[in-house]
Peer 1: 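Take this structure, written in structure tokens, and hold onto it; I'll ask about it next.
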Amino acid sequence: MSIDTLLTARWIIPVEPDGTVLEDHALALAGGRIADLLPAAEARARYPSAAEESFGSHALIPGFVNAHTHAAMALLRGVADDRPLMEWLTGHIWPLEQKWVGEAFVRDGSDLAMAEMIRGGVTCFNDMYFFPEVTARQASRCGMRAVAGMILVDFPSAWAGGPDEYLSKGLALHDELRSDPLITLAFAPHAPYSVSDEPLLKLRTLAAELDRPIHMHLHETRDEIEQSRKQYGMRPIKRLQQLDLLGPSFAAVHMTQLTDDEIALIAKSGASVVHCPESNLKLASGFCPVAKLVEAGVNVAIGTDGAASNNDLDVMGEMRMAALLAKAVSGDASAVPAHAALRMATLNGAKALCLDSEIGSLEIGKSADITAVRLDGIETQPLFHPISDLVYAASRHQVTDVWVAGRRLLKNRELTTLNAEDICRKAAAWREKLAAQGGDTRS
Ligand SMILES: [Zn+2]
């Protein structure tokens, strides 16, 4: 195999094996994949014709996986802060979406979100929003990896008139993107309170036929549980179990309200949980019992949720919050140690999206989805343990370079495939429109 690039670095943290830190090693890349991982001196001797890029003050880590977001909602960042979930959704976000969401909104919002995520070291995001074909197209165009959600809700939107049309448009998208190397598809029923049984049963059959994962908000708030008890006579997770939706390719987002029996049920089903700590904190939704889930053997990944409820798409910040919050919630300072938090933000995310054979760790054969974090600044001195610094001290502003499938999307903090100026100009134009024409953008 002909090695085209050697990335040598002070530290390489492959995430698998867990907790490993390799000093003065190199990643040898060929055709967008990791072809070798070995000491830098050996790499130079073995691959003398490869172009070397040296990262002498950096840690190379797998690109972060944002396992749950609504990318285009980046345009709604800060429009209605400090409100509980249902008031926030029904009184502010949904009316704004009904008025404004269309192809142009989703295109400009997705670009804004991707620019932010790439600058924060994120290489893959799992999206749930209207016009998923637009987000998928923009991701493919700028070289970012994405899981496009085939969204399903009961109510009509600018994208689809009802459940059957959501499903048929999702399937058309699945056909269209089948051969795109960076985009995969997942079914994305919005939530138990917004999708009724019949469409969920249809979705279950399709997901099995097409072998696609399912990604859904679940047990986000106490109100959601109460409403389900009244409407269906049972808690939402029980309802999904009866509909036979839970399984290894099911990713349950939020899960702040869980009994011990439900944790056991999730573990037995093999489903993943996507923990969105900052969104849960901001909307006062509750606390996901991460330590208990991990102890039960559940795969826990990390998501930012949309920028309207966070308000950033900073997976690195979310990783730190997850590690800290798990300790506070469990009363155990040893819960979610730094290496486990890093794994949640990378390999566990890949697993939740059924992409762990392709991404999530720096292993030979996997795609070269890599993030370089500079660790020689004041903020991370003195440096005893690079994984500790990455999780507890560093910030996304220390991310300097990002590759997806070997293509460099961020070079020394400059975006190479997205135009930052143009994105900011369009975001400002949307702010004017939303603020001026009837949108309630008051905080
Ligand atoms: Zn969400």
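All ligand and atom numbering here is 1-based and tracks the order in the structure.
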Peer 1: Can you see whether Ser157 engages Tyr166 through a side-chain donor-acceptor pair at a distance of less than 3.5 angstrom?
Peer 2: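 There is such a pair (donor and acceptor under 3.5 Å, judged by atom type) between the side chains of Ser157 and Tyr166.
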Peer 1: Tell me the protein N, O or S atoms under 2.8 Å from the Zn ion (ligand 1), in chain and number order.
Peer 2: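 Counting only protein N, O or S atoms under 2.8 Å from the Zn ion (ligand 1), the list reads His68 NE2, His70 NE2, His217 NE2, Asp305 OD1.
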Peer 1: Is the ring pair Trp94/Tyr193 parallel, tilted or perpendicular, if the boundaries are 30 and 60 degrees?
Peer 2: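 Because their plane-to-plane angle lies in the 30° to 60° range, the rings of Trp94 and Tyr193 count as tilted.
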Peer 1: Applying ring pair (Phe, Tyr, Trp, His ring centres under 6.0 Å) between Phe105 and each of Trp430, Phe130, Phe131, Trp100, report the one that passes.
Peer 2: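 Only one of Trp430, Phe130, Phe131, Trp100 forms a ring pair (Phe, Tyr, Trp, His ring centres under 6.0 Å) with Phe105, namely Trp430.
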Peer 1: Honestly, is Arg239 close enough over Tyr232, meaning NZ or CZ under 6.0 Å from the six-membered ring centre and within 45° of the axis?
Peer 2: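 Output yes; distance and angle both within limits.
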Peer 1: If you measure only the distance, is there a donor-acceptor pair under 3.5 Å linking the side chains of Ser334 and Asp332?
Peer 2: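 There is such a pair (donor and acceptor under 3.5 Å, judged by atom type) between the side chains of Ser334 and Asp332.
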Peer 1: Who are the side chain to side chain donor-acceptor pair (under 3.5 Å) partners of Glu133, not counting sequence neighbours?
Peer 2: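 Glu133: side chain to side chain donor-acceptor pair (under 3.5 Å) contacts with Trp159.
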